[in-house]
Amino acid sequence: MFCGLLTLLVRGLPTRWLFSLAITIEAAWELIENTNTVIQRYREATASLGYQGDTVMNSLGDIMCCAIGFMIARKLGWRRGLLLFFVTEAMLLIWIRDSLLLEILMLVHPINAIKVWQMGS
């Protein structure tokens, strides 16, 4: 996601700088995600009722996955990268009833029907 967005928003920047910017944004999100405010929001708005924040290993894994995803997206190009993104989102929705886009939606504008569905009720 960051590869495509940054390529569109910051035209002309070399790939290594786009990569560094993507990793910096992801690392900043990992810090923000583990603040009491965001943790409380997760508990209120999503199916993550007992969420206590991420472990350091989980946050490092997320940053590593961002780096790998950036490189894959760069290699695939925007069309195939976007296709892979949406296929992955669909698979996650089916498999674990959760995905990046769904998490963003639920944090910004919670929908009770989705929360109930995520909890398997």
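Only a predicted model underlies this, so the values are computations on that prediction, with no experimental measurement involved.
Residues meeting the ring pair (Phe, Tyr, Trp, His ring centres under 6.0 Å) test with Phe85, sequence neighbours left out: none. With sequence neighbours excluded, the residues that form a ring pair (Phe, Tyr, Trp, His ring centres under 6.0 Å) with Tyr51 are Tyr42. Taking Thr24 as the reference, nothing meets the side chain to side chain donor-acceptor pair (under 3.5 Å) condition, with sequence neighbours excluded.
Closest of all the heavy-atom pairs between Glu33 and Val38 is O-CG1, 3.6 Å.
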| task | Go through Asp98 and Leu92 one step at a time and tell me if the side-chain contact (heavy atoms from CB on, under 4.5 Å) criterion holds. | result | CA-CA 6 Å; Asp98 204 3; Leu92 289 170; over 6 Å; no
| task | Decide yes or no on side-chain contact (heavy atoms from CB on, under 4.5 Å) for Val10 and Leu5, but give the supporting numbers first. | result | CA-CA 8 Å; Val10 190; Leu5 288 175; over 6 Å; no
| request: Could you walk me through whether Lys115 and Thr46 pass side-chain contact (heavy atoms from CB on, under 4.5 Å), step by step? | output: CA-CA 6 Å; Lys115 185 175 180 178; Thr46 71; over 6 Å; no
| How far apart are the C-alpha atoms of Gln40 and Asn36, what are their side-chain angles, what is the distance that settles it, and do they pass the side-chain contact (heavy atoms from CB on, under 4.5 Å) test? | CA-CA 6 Å; Gln40 189 60 36; Asn36 288 333; over 6 Å; no
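Among residue pairs with one or both ends in residues 80-91, those qualifying as side chain to side chain donor-acceptor pair (under 3.5 Å) are Glu89-Ser99; sequence neighbours excluded. The side chain to side chain donor-acceptor pair (under 3.5 Å) pairs that include a residue from residues 101-112 number zero, where partners must be two or more places apart or lie in different chains.
Judged by distance alone, the side chain of Arg97 and the main-chain N or O of Met119 form no donor-acceptor pair under 3.5 Å.
Side-chain atoms of Asp62 and Asp54, non-hydrogen and from C-beta on, do get closer than 4.5 Å to each other. Using a 4.5 Å heavy-atom threshold, the side chains of Glu30 and Ile63 count as touching. Between Phe70 and Leu18 the shortest side-chain heavy-atom distance falls below 4.5 Å. Residues Leu102 and Gln118 have side chains in contact (heavy-atom distance under 4.5 Å, counting atoms from C-beta outward).
Atom CG in Leu105 sits 4.5 Å away from atom CD1 in Ile111 (nearest 0.5 Å). With values rounded to the nearest 0.5 angstrom, Cys66 atom SG is found 8.5 Å from Ile25 atom CD1.
Met91 belongs to a hydrophobic cluster whose other members, connected by ILVMFWY side-chain contacts under 4.5 Å either directly or through intermediates, are Leu83, Val87.
Checking Arg74 against Thr7 by side-chain atom types alone, a donor-acceptor pair falls below 3.5 Å.
Clustering ILVMFWY residues whenever any of their side-chain heavy atoms sit less than 4.5 angstrom apart, transitively, puts Leu100 in the very cluster that holds Val108.
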